[in-house]
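Structure, as structure tokens:
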Amino acid sequence: MSKLAKFFIICAAVCVVGIVMSFAGYAAGGVDNLQKVADKHDWLNVGPNSTETDILTVGEFQSIETEGSLDIAVIAAGKEMDEEGAVPDFIEDMNFGGTAGTVAVRWGKDYGAPEVTNENGVLKIKGNAESIDTAQVNLTGDDPSPDVVVFCADKELESIHINGKYGDADVAGVNSKSIKVTAESGDIEIEDVKCDEVEAETNTGDIDADNIVGSKITLKADTGDIDISECVGEINAETTTGDIEFASVLPQSQFELNLSVNTGEISVNEDAIDQKEFYAKGEPNKLMFRTDTGDIDADFVED
């Protein structure tokens, strides 16, 4: 069974269980009685998801390794947050700007507090091992995954490795020799970084790459869109089901283009390409975009 089929089956199962529990709750006397059921069963959450927050001082670190279900952001200390926010909203709620060598966390009763340790300069963060494969009826609408924000010093890190299950990941304003972000289900955003090699891969979710300067950038999404802007280097982007959009502040002559679709359309500088594959010579950068079902749109500034 494909991952996409498995995802839709789980979604359908959760919806059916949710409807059944709604009728059961009504018949049993409403949310108050349902809460008693939820207190006995981890898979049901009907009340407000009470949360706790903490600021952890972890000291200096050269690498970051995370795993499990987390909404995580790795940012430079003091980085200003725009309206959309490169980090979870709770940081603004706490009125905390972040200090290098600290980690801000927020967690709810469903997933518990993540483990945060600094082992000889390697910052390790471990969230719950549960993922989208575990169906949970959540009638609150809240995201149960813990929020984690890592504040980095203004220096180049050796590596950032985020191995996620369920949750979004953001890396912003941080320089590292290598960045690798994977997710079973979740969006990935990487912006304003300098890195020798960047890898981002998600099974279900979108990928946004903005202002990345690197020798090699590899982006893969099974089901999701990939948006790339102001990035240079060798850029490989691939989707099974989703669109790929690229916007550059450089002219097309600065890129070698290898674009191909199976079911979809290709456009370059808003001009439709009447073929499934498109090649154009240029240097010193390279674009290799592939999508099975979706469109590719690449835009450049004029020479």
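Counting heavy atoms from C-beta on, the side chains of Ile228 and Ile235 come closer than 4.5 Å. Residues Val122 and Glu65 are in side-chain contact: their nearest non-hydrogen atoms beyond the backbone lie under 4.5 Å apart. Side-chain contact between Gln252 and Leu257 is present, with at least one heavy-atom pair separated by less than 4.5 Å. With a 4.5 Å cut-off on side-chain heavy atoms, Asp295 and Ser267 do not count as touching. Taking 4.5 Å as the limit, every side-chain heavy atom of Ser260 sits out of range of all side-chain heavy atoms of Phe289. At least one side-chain heavy atom of Gln254 sits less than 4.5 Å from a side-chain heavy atom of Pro284. Looking at heavy atoms from C-beta onward, Leu219 lies out of side-chain contact with Asn236 at the 4.5 angstrom threshold. Put simply, the side chain of Pro114 reaches to within 4.5 Å of the side chain of Val105, judged on heavy atoms.
Atom CG of Asn120 sits about 10.0 Å away from atom OG1 of Thr117, to the nearest 0.5 Å. Asn262 CG to Glu277 CD: the interatomic distance, rounded to the nearest 0.5 Å, is 10.0 Å. The CG atom of Leu259 sits 5.5 Å away from the CD1 atom of Ile266 when rounded to the nearest 0.5 Å. Between the CD1 atom in Ile64 and the SG atom in Cys152 there is a gap of 4.0 Å [rounded to 0.5 Å]. Summarising the geometry, atom OG belonging to Ser248 is positioned 9.5 Å from atom CG belonging to Asp299; distances are rounded to the nearest 0.5 Å. Put simply, CG on Leu123 and CG on Asn118 are 6.0 Å apart, with the number rounded to the nearest 0.5 Å.
By the 6.0 Å contact criterion, NZ on Lys155 is enclosed, its count of non-hydrogen atoms from other residues, nucleotides or ligands being greater than 12. Counting non-hydrogen atoms of neighbouring residues, nucleotides and ligands closer than 6.0 angstrom, the CD atom of Glu60 reaches no more than 12 such neighbours. Remark: Glu265 CD is loosely packed, at most 12 non-hydrogen atoms of other residues, nucleotides or ligands lying under 6.0 Å away.
The backbone N or O of Asp71 sits nowhere less than 3.5 Å from a side-chain atom of Asp168 that would complete a donor-acceptor pair. A donor-acceptor pair under 3.5 Å is absent between the side-chain atoms of Arg290 and the main chain of Thr240, judged by distance alone. In terms of modelled atom types and a separation under 3.5 Å, the side chain of Asn269 and the main chain of Phe300 share a donor-acceptor contact. Asp297 contributes no side-chain N or O that, together with a main-chain N or O of Glu245, makes up a donor-acceptor pair within less than 3.5 Å. A side-chain donor-acceptor contact under 3.5 Å links Asn175 to the backbone of Lys194. The backbone N or O of Gly224 lies less than 3.5 Å from no partner atom in the side chain of Asp206, so there is not a single donor-acceptor pair. Judged by distance alone, the side chain of Thr204 and the main-chain N or O of Thr223 form no donor-acceptor pair under 3.5 Å.
Note on Val213: it clusters hydrophobically with Ile190, by side-chain heavy-atom contacts below 4.5 Å among ILVMFWY residues. Val232 and Met288 fall into different hydrophobic clusters, defined by Ile, Leu, Val, Met, Phe, Trp and Tyr side-chain heavy atoms under 4.5 Å apart, directly or through other members. Cluster membership for Phe246 and Val268, using ILVMFWY side-chain heavy atoms within less than 4.5 angstrom, is shared.
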Exercise. Checking side chain to side chain contact (heavy atoms under 4.5 Å, CB included) for the pair Asn285/Cys231: CA distance, chi angles, key distance, verdict?
Worked result: CA-CA 10 Å; Asn285 305 292; Cys231 295; over 6 Å; no
Problem set entry | Step-by-step side chain to side chain donor-acceptor pair (under 3.5 Å) determination, Asp192 to Asn211 | CA-CA 5 Å; Asp192 300 329; Asn211 191 24; 2.9 Å; yes
Exercise. Given Ser159 and Ser63, is the side chain to side chain donor-acceptor pair (under 3.5 Å) satisfied, shown in steps?
Worked result: CA-CA 5 Å; Ser159 62; Ser63 299; 3.2 Å; yes
For this session: Let me see the working for Thr291 and Ile296 under side chain to side chain contact (heavy atoms under 4.5 Å, CB included), right down to the final yes or no.
Result: CA-CA 8 Å; Thr291 179; Ile296 294 177; 3.8 Å; yes
For this session: Kindly indicate, with the supporting measurements, whether the criterion side chain to side chain contact (heavy atoms under 4.5 Å, CB included) is fulfilled by Thr239 and Lys220.
Result: CA-CA 6 Å; Thr239 70; Lys220 295 182 179 179; over 6 Å; no
Exercise. Passes side chain to side chain contact (heavy atoms under 4.5 Å, CB included), Leu56 versus Thr102? Steps please.
Worked result: CA-CA 5 Å; Leu56 309 176; Thr102 62; over 6 Å; no
Problem set entry | Full working for salt bridge (charged side-chain N to carboxylate O under 4.0 Å, His left out) between Lys286 and Glu234 | CA-CA 5 Å; Lys286 180 183 292 187; Glu234 180 181 325; 5.0 Å; no
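Contact detail for Glu156 and Ser176: the closest heavy-atom pair is CG-CA, 4.0 Å. The minimum heavy-atom distance linking Ala76 with Gly173 is given by the pair CB-O, 3.3 Å. Of all non-hydrogen atoms in Gly101 and Phe61, the two that sit nearest each other are CA-CE2, 4.2 Å. For the residue pair Val261 and Gly294, the shortest heavy atom distance occurs at CG1-O, 3.8 Å. When every heavy atom of Leu70 is checked against every heavy atom of Gly127, the shortest pair comes out as CD2-CA, 3.7 Å.
A side-chain contact (heavy atoms from CB on, under 4.5 Å) with Val74 holds for exactly one of Ile125, Ile162, Asp170; it is Ile162. Just one of Thr99, Ile75, Val174 meets the side-chain contact (heavy atoms from CB on, under 4.5 Å) condition when paired with Phe151; it is Ile75.
Contacts of Phe278 classified as ring pair (Phe, Tyr, Trp, His ring centres under 6.0 Å), with partners at least two apart in sequence or in another chain: none.
Under 4.0 Å is where a charged nitrogen must lie from a carboxylate oxygen, and between Lys216 and Glu197 no such pair does. With salt bridges taken as basic N to acidic carboxylate O contacts below 4.0 Å, none links Lys281 and Glu256.
Judged by distance alone, the side chains of Asp196 and Ser215 never bring a donor and an acceptor atom under 3.5 Å apart. Asn203 and Asp222 share no donor-acceptor pair across their side chains, judged by distance under 3.5 Å alone.
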